[in-house]
Trainee: 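First the structure, which I've put down as structure tokens, then a few questions once you've had a look.
Because the structure is predicted, anything quoted here is derived from the model rather than measured.
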Amino acid sequence: PGDISTLQIRGHFYFALTAIGEAILRTKLLFLLLSLLTAITACSPPAQIIPTATALPPAATPTPQATPTISFFPTATALTCLTQPGRVEEGVLDSFKPAQEFRVYLPACYDEKTDERYPVLYLLHGQTYNDDQWIRLGAVSVLDELILSGESQPFIVVFPDDRYWNLEAGPGFGDRFINHIIPHIDSTYRTIPDRDYRAIGGMSRGAGWSLRLGLTHWELFGTIGLHSLAVLQKDASKLRQWIPVIPASSGPTIFMDIGDNDQELIMAQQIESQFNDYDIPHEWHLYSGAHTEDYWGAHVEEYIRWYAEQWKFP
């Protein structure tokens, strides 16, 4: 008694093997179930997170900033003004009796281009007329056309009044012009205060003033226009005093024209002859016509174009 039979040993061994097999089988089943669960989870879409009422508010939206624009073209304002004509202002120096009046042409975009300075042309009218003569004959229309089309550099034009030529104030026009009008224009408008950028020209008596003032104040004017020149009293004999004083390097550019039926033709030819005697460079044009506004009106575009050519674009 107490001995374990062979049959019992076999039974215990079989029981042990069965238990081990069941354990292995359960392990395999568990692994299979885990693998299946993993596969199902991987194929399922991720759960959506629904924010609750207690979620943090979104960050404040920054204020949009203006995007800087880089342009190589004029501003809209500048483009607009380049399609508009210049304007004419009226001015007066009331310290004189009678007061000294004048008109000023300001080219397109003068108000917008505040850093720009301009050449200046002084145009003098004829005897018995006033400071609107050049304007009536079309000078401003030609100026606008040349400047707006880009053919000419913009420049300022001043039309001084000399209507009181036959009154006491008349002989004082030269002093008014040199010592008062020019300084006033240079201090009021954005001119280039240099002789190379200042011109003087006139018709008839205005041309007579241009001859006298242009030659006696050569330091102020680099360009002189003499249209149907009516020489002021005794000035023809004074050229031989005026011209030698002008330095060779400061000789003005001169334009002369007159009609073949003009009563001032002989005197104008004498002046032109003296220019030749002193080798003063100048243009001389003898056209068909008389000493009339019809003649000047027919040539006003030529005059304005010639003045404009004196100032080339930089």
Side-chain angles (χ1 to χ4, degrees), residues 65-96 99-125 131-132 134-136 138-161 176-201 213-214 217 219-225 252-253 300-301 303-314:
Q65 300 295 320
T67 303
T69 301
I70 300 176
S71 174
F72 294 99
F73 298 95
T75 63
T77 301
L79 287 174
T80 299
C81 71
L82 284 174
T83 64
Q84 304 297 321
R87 72 174 189 275
V88 176
E89 295 184 349
E90 296 184 2
V92 61
L93 299 177
D94 54 13
S95 58
F96 297 99
Q100 176 62 58
E101 299 177 3
F102 57 88
R103 304 186 192 214
V104 180
Y105 167 83
L106 300 175
C109 297
Y110 177 86
D111 295 322
E112 289 77 8
K113 297 182 178 182
T114 56
D115 293 332
E116 188 166 341
R117 304 190 73 87
Y118 300 85
V120 59
L121 165 63
Y122 292 88
L123 290 179
L124 312 183
H125 61 79
D131 55 359
D132 75 341
W134 279 92
I135 299 171
R136 286 190 300 98
V140 167
S141 297
V142 176
L143 285 162
D144 285 334
E145 179 182 349
L146 294 179
I147 293 171
L148 293 178
S149 67
E151 292 184 70
S152 169
Q153 177 177 338
F155 56 95
I156 296 170
V157 183
V158 182
F159 307 95
D161 184 78
R176 291 184 178 202
F177 182 77
I178 295 297
N179 297 318
H180 300 278
I181 295 177
I182 291 178
H184 175 77
I185 295 298
D186 285 342
S187 63
T188 304
Y189 301 95
R190 297 194 309 276
T191 66
I192 302 175
D194 183 276
R195 71 179 301 272
D196 291 335
Y197 295 93
R198 187 187 293 118
I200 184 173
L213 300 176
H217 294 277
E219 74 283 0
L220 296 179
F221 306 101
T223 300
I224 302 173
T253 302
V300 71
E301 180 174 351
Y303 302 157
I304 299 301
R305 285 184 175 274
W306 181 80
Y307 290 114
E309 289 173 359
Q310 308 312 307
W311 301 303
K312 302 297 183 182
F313 285 101

Trainee: Is any side-chain heavy atom of R87 less than 4.5 Å from a side-chain heavy atom of D111?
Mentor: yes
Trainee: If I take atom CG from residue N179 and atom NE2 from residue H184, how far apart are they, to the nearest 0.5 angstrom?
Mentor: 14.5 Å
Trainee: Can you give me the closest heavy-atom contact between A308 and L146, atom names plus distance?
Mentor: CB-CD1, 4.4 Å
Trainee: Minimum heavy-atom separation for T83 and T80, please, with both atom names.
Mentor: OG1-O, 2.6 Å
Trainee: Got a second to check how far W306's CH2 is from T253's OG1, nearest 0.5 Å?
Mentor: 6.0 Å
Trainee: To the nearest 0.5 Å, tell me how far L213 CG sits from I178 CD1.
Mentor: 5.0 Å
Trainee: Donor-acceptor pair, W311 side chain versus D196 backbone, under 3.5 Å?
Mentor: yes
Trainee: Tell me which donor-acceptor pairs under 3.5 Å the side chains of residues 99-108 have, and how far apart each pair is, sequence neighbours excluded?
Mentor:
| unit_1 | atom_1 | unit_2 | atom_2 | d |
| --- | --- | --- | --- | --- |
| Q100 | OE1 | R176 | NH1 | 3.1 |
| Q100 | NE2 | D161 | O | 2.8 |
| E101 | OE1 | R163 | NH2 | 3.0 |
| R103 | NE | D131 | OD1 | 3.2 |
| Y105 | OH | D144 | OD1 | 2.6 |

Trainee: Carefully, step by step, assess Y303 and L123 under the rule side-chain contact (heavy atoms from CB on, under 4.5 Å).
Mentor: CA-CA 11 Å; Y303 302 157; L123 290 179; over 6 Å; no
Trainee: About how many Å separate OG1 of T188 and CD1 of I156, when rounded to the nearest 0.5 Å?
Mentor: 10.5 Å
Trainee: To the nearest 0.5 Å, what is the distance between OH (Y118) and OH (Y189)?
Mentor: 13.5 Å
Trainee: For a quick test of reading the model, state the closest non-hydrogen atom pair linking I147 to F155 and the distance between them.
Mentor: CD1-N, 4.1 Å
Trainee: Between CD of E309 and CD of E151, what distance do you get to the nearest 0.5 Å?
Mentor: 10.0 Å
Trainee: Hey, could you give me each pair passing salt bridge (charged side-chain N to carboxylate O under 4.0 Å, His left out) that has a residue in residues 180-193? Not counting sequence neighbours.
Mentor: D186-R198
Trainee: If we only count heavy atoms from C-beta on, is the H180 to F96 side-chain gap below 4.5 Å?
Mentor: yes
Trainee: Is I185 close to Y122 at the side-chain level, that is, under 4.5 Å between some pair of heavy atoms?
Mentor: yes
Trainee: Identify the two heavy atoms, one from H125 and one from P160, that lie closest to each other, and give their separation to 0.1 Å.
Mentor: CD2-O, 3.4 Å
Trainee: Measure up the F221 and F177 rings against each other and bin them: parallel (under 30°), tilted (30 to 60°), perpendicular (over 60°).
Mentor: parallel
Trainee: So, for G214 and I200, which heavy atoms are closest and what is the spacing to 0.1 Å?
Mentor: CA-CG2, 4.3 Å
Trainee: With a 4.5 Å heavy-atom cut-off, do D132 and F159 have their side chains touching?
Mentor: no
